[in-house]
There are 2 protein chains.
Amino acid sequence: MKKDEEARPAPGREGGSTAFLLAQLGAHAASRFAEHLGPTGLSPPQVGILRAIGNGAGSSQHALAKRLSILPSRMVVLVDELEGRGLVERRDNPEDRRLYELHLSPRGRQTLESVGRIARAHDEALCAALDERERGQLRALLLRIAEHQGLTPGVHPGMRHVGKTTSDAPQAPSGGRGRRPKKGPP
Amino acid sequence: MKKDEEARPAPGREGGSTAFLLAQLGAHAASRFAEHLGPTGLSPPQVGILRAIGNGAGSSQHALAKRLSILPSRMVVLVDELEGRGLVERRDNPEDRRLYELHLSPRGRQTLESVGRIARAHDEALCAALDERERGQLRALLLRIAEHQGLTPGVHPGMRHVGKTTSDAPQAPSGGRGRRPKKGPP
DNA sequence: TATTGTTATACTCTATAACTATA
DNA sequence: TATAGTTATAGAGTATAACAATA
């Protein structure tokens with residue numbers, strides 16, 4: 001398979017629009033990061049939780065879930081695992097006994113540093129095609145867009161509710177036969 | 001909530017690494033595109049299928065699935081729906097009766113053009129923070145990285161196998177109690 | 001035997017509702 | 001009553017195995 005007659009949109013737009021390139025590279029970056037994370041046994045959302053707690057955002061599970069756009073019901077499971085591995089501590093809050101305060105254990109802090117090294121190596125590998133000046137240019141442009149789009153710095157928006165076939169779509173006049181006959185004999 | 005003490009990594013890296021910015025903006029772009037797609041009732045993978053068929057990649061479902069990194073078993077369902085809406089046609093291949101040839105119907109071609117308009121509007125909205133010269137710069141930098149990373153032009157890699165907690169991770173010495181007592185009375 | 005399309009099944013992630021304890 | 005944490009459950013995406021028809 002050498003000759004590749006690819007998707008070829010409008011002239012001057014080979015490789016897709018800027019938006020498509022961002023989505024494509026973003027998915028690639030996320031996927032690779034998750035791979036690099038493999039040896040730690042942590043998922044990307046868990047890394048986000050560790051980072052947020054490390055920055056002092058562990059006042060309660062609910063507040064943390066809201067900040068990271070993780071559902072509270074899922075947060076329970078994620079923190080369960082982090083606590084089970086001894087990376088995160090749940091402490092009772094005497095002033096409001098409904099809340100858990102989340103804290104990093106020494107082991108958790110150590111793991112967070114290790115994740116930081118992984119992230120830097122990942123960033124280096126991803127940007128290997130560019131020199132230092134170009135990386136700075138790219139960062140500046142991406143930051144401008146991110147700010148203009150109202151994205152929260154340091155928070156990955158996840159893939160929540162990525163457009164299911166909402167079925168409020170124009171249905172076809174049903175030109176096909178009722179049931180596909182399972183590719184049977186003619 | 002005005003004062004935001006965000007994730008603050010290394011100095012000079014406010015807002016996250018370039019890799020993180022790419023993942024963040026990419027997820028945002030994909031999410032917004034899916035939203036814009038709402039009125040058409042199509043999901044992003046289905047748009048990818050329409051585009052690929054429109055570019056002559058409809059020799060068989062299997063080949064198309066491989067090109068787009070969609071599982072053959074999922075391709076069946078996606079094409080089922082496209083066929084049900086009268087956008088795509090499955091034609092028997094007389095030379096190899098195991099294969100289906102996939103073709104766009106006139107309605108499918110019309111839908112593809114409509115999707116193109118949506119994509120252009122989406123791109124415009126996403127890049128609104130940059131002027132024409134800056135958009136060109138950004139596109140060039142992204143293309144360089146995409147090529148260096150070996151990404152197939154025009155093909156979104158999806159989010160396949162995004163690092164499950166592979167459990168080949170260093171398990172904690174089980175410092176916690178066996179079962180969390182459901183936040184009960186002390 | 002290998003391949004294409006297909007079905008069935010399992011696991012994960014997302015999302016919602018409901019329940020308990022506390023405020 | 002309202003909120004934090006939790007559980008249960010349903011829906012969609014991902015992945016694998018197995019099957020029938022065909023090569």
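All figures in this text were calculated on a predicted structure; none of them were measured in a lab.
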Self-check item: Ionic contact status for A/Arg139 with A/Glu134, cut-off 4.0 Å
Solution: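 Salt bridge absent between A/Glu134 and A/Arg139.
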Quiz item: Between A/Arg120 and A/Glu124, is the closest basic N to carboxylate O distance under 4.0 Å?
Solution: no
Quick one: [X] [atom1] to [N] [atom2], roughly how many Å, whole number?
{"X": "A/Glu95", "N": "D/dA4", "atom1": "CD", "atom2": "C1'", "answer": "16 Å"}
{"X": "A/Leu78", "N": "C/dC13", "atom1": "CG", "atom2": "P", "answer": "8 Å"}
{"X": "A/Leu102", "N": "D/dA4", "atom1": "CG", "atom2": "P", "answer": "13 Å"}
{"X": "A/Asp80", "N": "D/dT6", "atom1": "CG", "atom2": "P", "answer": "6 Å"}
{"X": "A/Glu83", "N": "D/dG5", "atom1": "CD", "atom2": "C1'", "answer": "13 Å"}
{"X": "B/Leu68", "N": "D/dT14", "atom1": "CG", "atom2": "P", "answer": "12 Å"}
{"X": "B/Leu71", "N": "D/dT14", "atom1": "CG", "atom2": "P", "answer": "8 Å"}
{"X": "A/Lys66", "N": "D/dT3", "atom1": "NZ", "atom2": "C1'", "answer": "12 Å"}

Quiz item: Any donor-acceptor pair under 3.5 Å between the side chain of A/Ser73 and the base of C/dT16?
Solution: yes
Practice problem: Kindly say whether, by distance alone, the side chain of A/Arg98 makes a donor-acceptor pair under 3.5 Å with the base of D/dT3? | Solution: yes
Quiz prompt | side-chain N/O A/Arg97 vs D/dT3 OP1/OP2, d < 4.0 Å | solution = no
Quiz item: Looking at B/Arg74, does any N or O in its side chain come under 4.0 Å of the phosphate oxygens OP1/OP2 on D/dG13?
Solution: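 For D/dG13, OP1/OP2 do have a side-chain N/O of B/Arg74 under 4.0 Å.
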Quiz item: More 5' along DNA chain C: A/Pro94 or A/Pro72, using each one's nearest nucleotide?
Solution: A/Pro72
Quiz item: From C/dT4, D/dG5, C/dT16, pick the nucleotide closest to the side chain of A/Ser60?
Solution: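 Taking heavy atoms from C-beta onward, the closest nucleotide is D/dG5.
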Quiz item: What residue among B/Leu87, B/Leu50, B/Leu104 forms side chain to side chain contact (heavy atoms under 4.5 Å, CB included) with B/Arg109?
Solution: B/Leu104
Quiz prompt | Reference residue B/Val47; test side chain to side chain contact (heavy atoms under 4.5 Å, CB included); the match among B/Leu42, B/Thr111, B/Thr40 | solution =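 In the set B/Leu42, B/Thr111, B/Thr40, the residue that makes a side chain to side chain contact (heavy atoms under 4.5 Å, CB included) with B/Val47 is B/Leu42.
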